[in-house]
Asks: 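Got a structure for you, written out below as structure tokens; questions coming shortly.
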2 protein chains.
Amino acid sequence: MTETADILLVDDDVLIQLMVEDVVAQMGHRFHCAADGAQARAALKRQRFDLVILDRRLPDTDGLLLAQTIQADARAPFIVLSSLSASHDQLLGLGLGALDYICKPVEPALLRARIAKHIDAPREAPEDRVVTVGTALQLNTQTRRLSVDGRTEVLSPAESRLLVHLIHTLDRPSDRLEISKAICGREWVYGDRTADVLVSRLRRRLAGSAVEIVTVHGLGYLLTVKPEG
Amino acid sequence: MTETADILLVDDDVLIQLMVEDVVAQMGHRFHCAADGAQARAALKRQRFDLVILDRRLPDTDGLLLAQTIQADARAPFIVLSSLSASHDQLLGLGLGALDYICKPVEPALLRARIAKHIDAPREAPEDRVVTVGTALQLNTQTRRLSVDGRTEVLSPAESRLLVHLIHTLDRPSDRLEISKAICGREWVYGDRTADVLVSRLRRRLAGSAVEIVTVHGLGYLLTVKPEG
DNA sequence: GTCGTCGTTTACATCGCGTTTACATCTTGC
DNA sequence: GCAAGATGTAAACGCGATGTAAACGACGAC
């Protein structure tokens, strides 16, 4: 399970929004936010979520009134995060189908653990993430296996990230700053040759294939499909 | 599920015992009770439970120390019911694999709702007694006997669970988090080398067979069938 | 109690790989 | 054509990840 999930927070408290966003981001999932019932319904209609975190006190409704919509239409699992902590409130939430009922205030680490319990459970069979360039090249970003020219190469993590980035920006040149960020997540500083060395290594891996990494002098690199030949 | 389940309470507080017994009986499940760690171990050895409810403060131990036994041997789901309500206590419990962490005091109705969440959850399909990889390898998960390369090896429980997991995810890499969950039912924390050691031991067992465990550097491991040779 | 089993932790050897260095080669602007 | 800077790439470096033997500690058997 290295799959990223989509998590929707329904809460109008900005401090909670920031905290949850931080937690969700750290877990490697995608964060979405709705500040009231109307926004929540719109979001739920727009896309599917792997988990919804509901506050009860919303500007325009009680969060639990969304529960029905969530279950009937979106069929998404949800948990309640509320300052209404009385037993009968918790009972109501759990009775309406909440997977969990967490009382504010809650520490980020604990929220994270609770979220993890429910995200990890209903995980689909993790699909292999494969990116391709036509029929010339297939890269499994999980195993980092690259099928090319009939062979199979196993890339290093950085090589894999570089190739993914180049494929995403096919035919468009990337400068070193962009590449450095995509590969190592840091700023490029003058004199850093890491990208160049990785490009060099990747070129050898791609030898004989239908694609090539072209140097754009004074700028950076781009991946392109070789003209017939 | 509408079937009656067996629920074990591990708690020495008579008032709690009475309350939980009442709740469990009302739900139509069978109630079992252990007043300390020793009794709990004995009970877990004697029979299988659908849910274990653990107190932390026990006469002879911390309830969480039973977590390992519960998961390793009995593979029973468990929740913690404790008056230790600090965030780090809850984190510890959830990290060790508890499905839920309920803080005392708790009202019967709320406890009932929480229990229902975990009892009603879809029970895992009973696993195959024998799992195989082609004709190369057969593992009886009951006796933990592994037929491989003409020999018969007897695996330890953890080795067996690891191999089962790797077979279920054949040719797909599993990270340490996934492996740790599958083997020990708990979160993986940075620095935990248990999985690595087990992989190492399992590799020795599999020596000479047609399969091998390959390392995916920076990620984890995967089981694959060796190419001809 | 002692002993055996087994999961875990510790310790250390080894390896992989991102990075740096060094130098060859190429591009560009003059 | 030439100098200056940019790029290509082999080799070396070093840190963190992995392999694994051994120690440890909890538990069950007796």
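Each chain gets a letter, A, B and so on, in the order its sequence line appears, and its residues count up from 1.
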Asks: Describe the nucleic acid contact of B/V197 in one word from base, sugar-phosphate, nothing, applying a heavy-atom distance below 4.0 Å.
Replies: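 B/V197: base contact, heavy atoms under 4.0 Å.
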
Asks: Extract from the structure each pairing of a protein N or O with an N or O of nucleotides 12-14 of chain D at less than 3.5 Å, listing the distance.
Replies:
none

Asks: With nearest nucleotide decided by heavy atoms, which residue, A/C184 or B/D192, maps closer to the 5′ end of DNA chain C?
Replies: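 Mapping each residue to its closest nucleotide by heavy atoms, the 5'-most match is B/D192.
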
Asks: How does each nucleotide of nucleotides 24-30 of chain D score, in 5' to 3' order, for protein heavy atoms under 4.0 Å: base (B), sugar-phosphate only (S), or none (-)?
Replies: ---SSS-

Asks: Where do A/A136 and A/V211 come nearest, in terms of heavy atoms and distance?
Replies: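 Shortest heavy-atom separation between A/A136 and A/V211 comes out as CB-CG1, 4.4 Å.
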
Asks: Where do B/V216 and B/P173 come nearest, in terms of heavy atoms and distance?
Replies: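 Scanning both residues completely, I find the closest heavy atoms to be CG2-CB, 4.0 Å.
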
Asks: Which nucleotide wins on minimum distance to the side chain of A/Y190, given the candidates C/dT8, C/dG18, D/dA6?
Replies: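 Out of C/dT8, C/dG18, D/dA6, the nucleotide with an atom closest to A/Y190's side chain is D/dA6.
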
Asks: For A/Q138 and A/V130, work out which heavy atoms get closest and say how close.
Replies: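 Scanning both residues, the minimum pair turns out to be CB-CG1, 4.2 Å.
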
Asks: Consider only side-chain N and O atoms of A/Y221 and A/D196, and report whether a donor and an acceptor are under 3.5 Å apart.
Replies: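 There is such a pair (donor and acceptor under 3.5 Å, judged by atom type) between the side chains of A/Y221 and A/D196.
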
Asks: Between C/dG7, D/dG19, D/dT9, which one does the side chain of A/D196 approach most closely?
Replies: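 Looking only at heavy atoms from C-beta outward on A/D196, the closest nucleotide is D/dT9.
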
Asks: Under a 4.0 Å N-O cut-off, is there an ion pair linking B/E159 with B/R201?
Replies: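 The answer is no: the pair does not qualify as a salt bridge.
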
Asks: So what does B/R176 touch, heavy atoms closer than 4.0 Å: a base, only the sugar-phosphate, or nothing?
Replies: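 Sugar-phosphate contact only - B/R176 comes under 4.0 Å of backbone atoms but never of a base.
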
Asks: Roughly, in whole Å, what's the span from CD1 in B/I213 to P in D/dT18?
Replies: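 Roughly 14 Å, once rounded to whole Å.
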
Asks: What nucleotide, of D/dT7, C/dT9, C/dG18, holds the atom closest to the side chain of A/T194?
Replies: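 In terms of side-chain proximity for A/T194, the closest of D/dT7, C/dT9, C/dG18 is C/dG18.
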
Asks: OP1 or OP2 of C/dT5 versus the side-chain N and O atoms of B/S156: is any pair under 4.0 Å?
Replies: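 Answer is no, no contact under 4.0 Å.
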
Asks: What does the list of N/O pairs under 3.5 Å between the protein and nucleotides 24-29 of chain C look like, with a distance for each?
Replies:
none

Asks: Under 4.0 Å, heavy atoms only, any strand: does A/G218 hit a base, just the sugar-phosphate, or nothing?
Replies: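 Sugar-phosphate contact only.
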
Asks: How many angstroms lie between CZ in B/R186 and CG in B/L94, if you round to the nearest 0.5 Å?
Replies: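 If I round to the nearest 0.5 Å, the distance is 15.0 Å.
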
Asks: Can you measure A/E212 atom CD to D/dG8 atom P for me and round it to whole angstrom units?
Replies: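 It is 12 Å, rounded to the nearest whole Å.
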
Asks: In this structure, are over 12 heavy atoms from other groups packed under 6.0 Å from A/R176 atom CZ?
Replies: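 More than 12 within 6.0 Å, yes.
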
Asks: Closest heavy-atom contact between B/R203 and B/T215?
Replies: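 Closest approach of B/R203 to B/T215: NH2-OG1, 2.8 Å.
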
Asks: Taking all atoms of both residues into account, what is the closest heavy-atom pair of B/L58 and B/D11, and its distance?
Replies: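 Distance-wise, the nearest heavy atoms are CD2-CA, 4.1 Å.
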
Asks: Among side-chain atoms of A/D6 and A/H29, is any donor-acceptor pair under 3.5 angstrom?
Replies: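 There is no such pair between these side chains.
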
Asks: State which of C/dC6, D/dG8, C/dT9 makes the closest approach to the side chain of B/P157.
Replies: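 That would be C/dC6.
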
Asks: Measure CG/B/L202 against C1'/C/dC6 and give the value in whole Å, please.
Replies: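 For the pair B/L202 CG and C/dC6 C1', the rounded distance is 15 Å.
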
Asks: On DNA chain C, nearest-nucleotide positions of A/A195 versus B/A158: which is more 5'?
Replies: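 Between the two, 5'-proximity favours B/A158.
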
Asks: Quick one: B/R204 CZ to D/dG19 C1', roughly how many Å, whole number?
Replies: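 Nearest whole value for this atom pair: 10 Å.
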
Asks: Need one value for B/R161: base, sugar-phosphate or nothing, where a base atom within 4.0 Å counts as base even if backbone is also close, heavy atoms only.
Replies: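 Contact class for B/R161: none.
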
Asks: Check B/T194 against B/D192 and note the closest heavy-atom contact, atom names and distance.
Replies: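 Shortest heavy-atom contact: OG1-OD1, 2.7 Å.
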
Asks: Does B/R203 get its side chain close enough to the base of D/dG19, under 3.5 Å, for a donor-acceptor pair?
Replies: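 No.
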
Asks: D/dG8, OP1 or OP2 - any side-chain N/O from A/T215 closer than 4.0 Å?
Replies: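 So the side-chain polar atoms of A/T215 do come within 4.0 Å of the phosphate oxygens OP1 or OP2 of D/dG8, strictly under.
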
Asks: Just how far, in rounded Å, is P of C/dA22 from CZ of A/R193?
Replies: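 About 13 Å, once rounded to whole Å.
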
Asks: Which value, rounded to the nearest 0.5 Å, describes the distance between B/L198 atom CG and B/L166 atom CG?
Replies: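 The distance works out to 10.5 Å.
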
